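Structure, as structure tokens:
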2 protein chains.
Amino acid sequence: MDDVFKALADPVRRQLLDSLHQRNGQTLGELCEGHDMSRQAVTKHLAILEDANLVATRKEGREKLHFLNPLPIFEIADRWIEKFEHGRLRALDELKKNLEGKRDGKG
Amino acid sequence: MDDVFKALADPVRRQLLDSLHQRNGQTLGELCEGHDMSRQAVTKHLAILEDANLVATRKEGREKLHFLNPLPIFEIADRWIEKFEHGRLRALDELKKNLEGKRDGKG
DNA sequence: CTAATATGCAACCATTTGGTTGCCTGTCAA
DNA sequence: TTGACAGGCAACCAAATGGTTGCATATTAG
């Protein structure tokens with residue numbers, strides 16, 4: 001799970017995922033377009049996404065096709081974020097009250 | 001949003017959020033317990049969480065109380081993760097098919 | 001074969017990150 | 001007041017990160 005969080009921490013990598021979400025199966029060259037950095041830099045980012053299992057690849061001739069794997073994202077949503085969701089609507093109110101002051105309901 | 005992703009990228013920081021989720025309003029000293037690192041290190045992590053608006057604080061005497069703010073997490077769930085959710089159930093199947101081979105429905 | 005295309009590998013570099021330590025300030029208790 | 005407790009600030013350091021460049025390999029087109 002840590003790999004996934006780390007992989008998602010970089011805006012370039014999130015952009016790459018977005019790009020694959022819009023059009024799956026892009027080659028390395030296609031994924032490089034629109035990024036103001038070298039092909040190697042993009043390759044490294046993609047490698048990190050692959051290690052985190054967020055992207056899977058297949059070689060087709062001399063091209064490498066990249067496919068989005070959203071499962072790790074779902075896992076984060078289900079196993080991690082879901083935990084914080086219980087009092088969602090009251091969350092802001094509770095925070096305000098906590099910052100205002102009374103430590104228990106005691107004072 | 002980038003601040004939040006970056007803040008969540010570190011396991012220590014996620015652990016701190018978990019800790020606050022279990023018991024809100026902990027002091028710095030309390031949050032340090034169980035972490036095998038100096039108080040200063042934890043302070044830095046908390047500062048990053050504060051910058052990302054994931055933690056809010058209040059001073060009470062000589063203590064600093066820390067409160068979880070889950071709203072940025074909700075935003076990520078709603079604005080970012082939600083985008084990938086559409087074909088959730090078919091996602092794994094699609095990935096398999098994509099990796100197997102046919103590029104379009106054409107071959 | 002030759003040349004162009006698509007990608008891979010490795011060395012290198014600056015900056016950021018995550019941690020340390022030492023010392024200072026503010027608050028509570030005796 | 002004095003000492004202990006809770007926390008803040010700043011300098012410093014090693015390692016990870018994000019990027020570069022140069023060159024090598026494999027595939028396709030002529």
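Chain identifiers are assigned alphabetically (A, B, ...) following the order of the sequence lines, protein sequences preceding nucleic acid strands; residue numbering begins at 1 within each chain. The shown structure was predicted, so the numbers you read here are calculated from the model rather than taken from an experiment.
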Checklist entry - So which of residues 49-56 of chain A are in contact with DNA chain C, with a heavy-atom cut-off of under 4.0 Å? => result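 When residues 49-56 of chain A is checked for heavy atoms under 4.0 Å from DNA chain C, there are no hits whatsoever.
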
Checklist outcome for this item: As a check of understanding: the bend across the helix from C:dC1-D:dG30 to C:dA30-D:dT1, end axes from five pairs, rounded to 10 degrees, works out to 20°

Item to check | All pairs passing side-chain hydrogen bond (donor to acceptor under 3.5 Å, both in side chains) where residues 31-45 of chain B contributes a residue, at least two apart | outcome: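 Checked against side-chain hydrogen bond (donor to acceptor under 3.5 Å, both in side chains) - neighbours excluded - the pairs reaching residues 31-45 of chain B are B:R13-B:H45.
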
Checklist entry - Please, which pairs that meet side-chain hydrogen bond (donor to acceptor under 3.5 Å, both in side chains) have at least one residue in residues 1-12 of chain A, sequence neighbours excluded? => result A:D2-A:K6, A:D2-B:R14

Checklist entry - How does protein reach along nucleotides 2-10 of chain C, written 5' to 3' as B (base within reach of a heavy atom under 4.0 Å), S (only sugar-phosphate), or - (no contact)? => result --BBSBBBB

Checklist entry - C:dG19 phosphate, OP1 or OP2: any side-chain N/O from B:S38 under 4.0 angstrom? => result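 B:S38 to C:dG19 OP1/OP2: no side-chain N or O under 4.0 Å.
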
Throw together a table of side-chain donor-acceptor distances under 3.5 angstrom for residues 70-80 of chain A, partners on residues two or more places apart or in other chains.
{"unit_1": "A:D78", "atom_1": "OD1", "unit_2": "B:R88", "atom_2": "NH2", "d": "2.9"}
{"unit_1": "A:D78", "atom_1": "OD2", "unit_2": "B:R88", "atom_2": "NH2", "d": "2.3"}

Spacing of [X] atom [atom1] relative to [N] atom [atom2], expressed in whole Å:
X: B:E33; N: D:dG7; atom1: CD; atom2: P; answer: 10 Å
X: A:D36; N: D:dG18; atom1: CG; atom2: P; answer: 17 Å
X: A:F5; N: D:dA16; atom1: CZ; atom2: P; answer: 21 Å
X: A:L8; N: D:dT17; atom1: CG; atom2: P; answer: 14 Å
X: A:R58; N: D:dT27; atom1: CZ; atom2: C1'; answer: 16 Å
X: B:D3; N: C:dT16; atom1: CG; atom2: C1'; answer: 14 Å

Item to check | Nucleotide nearest A:D10 (side chain, heavy atoms from C-beta), chosen from D:dT20, D:dT17, D:dG18 | outcome: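 Nearest to the side-chain atoms of A:D10, counting from C-beta on, is D:dG18.
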
Next on the checklist: Counting only heavy atoms from other residues, nucleotides and ligands, does the tally under 6.0 Å from NZ of B:K96 exceed 12?
Outcome noted: no

Checklist entry - Checking salt bridge (Lys or Arg N to Asp or Glu O under 4.0 Å) for the pair B:K64/B:E50: CA distance, chi angles, key distance, verdict? => result CA-CA 13 Å; B:K64 187 177 186 182; B:E50 263 197 87; 3.3 Å; yes

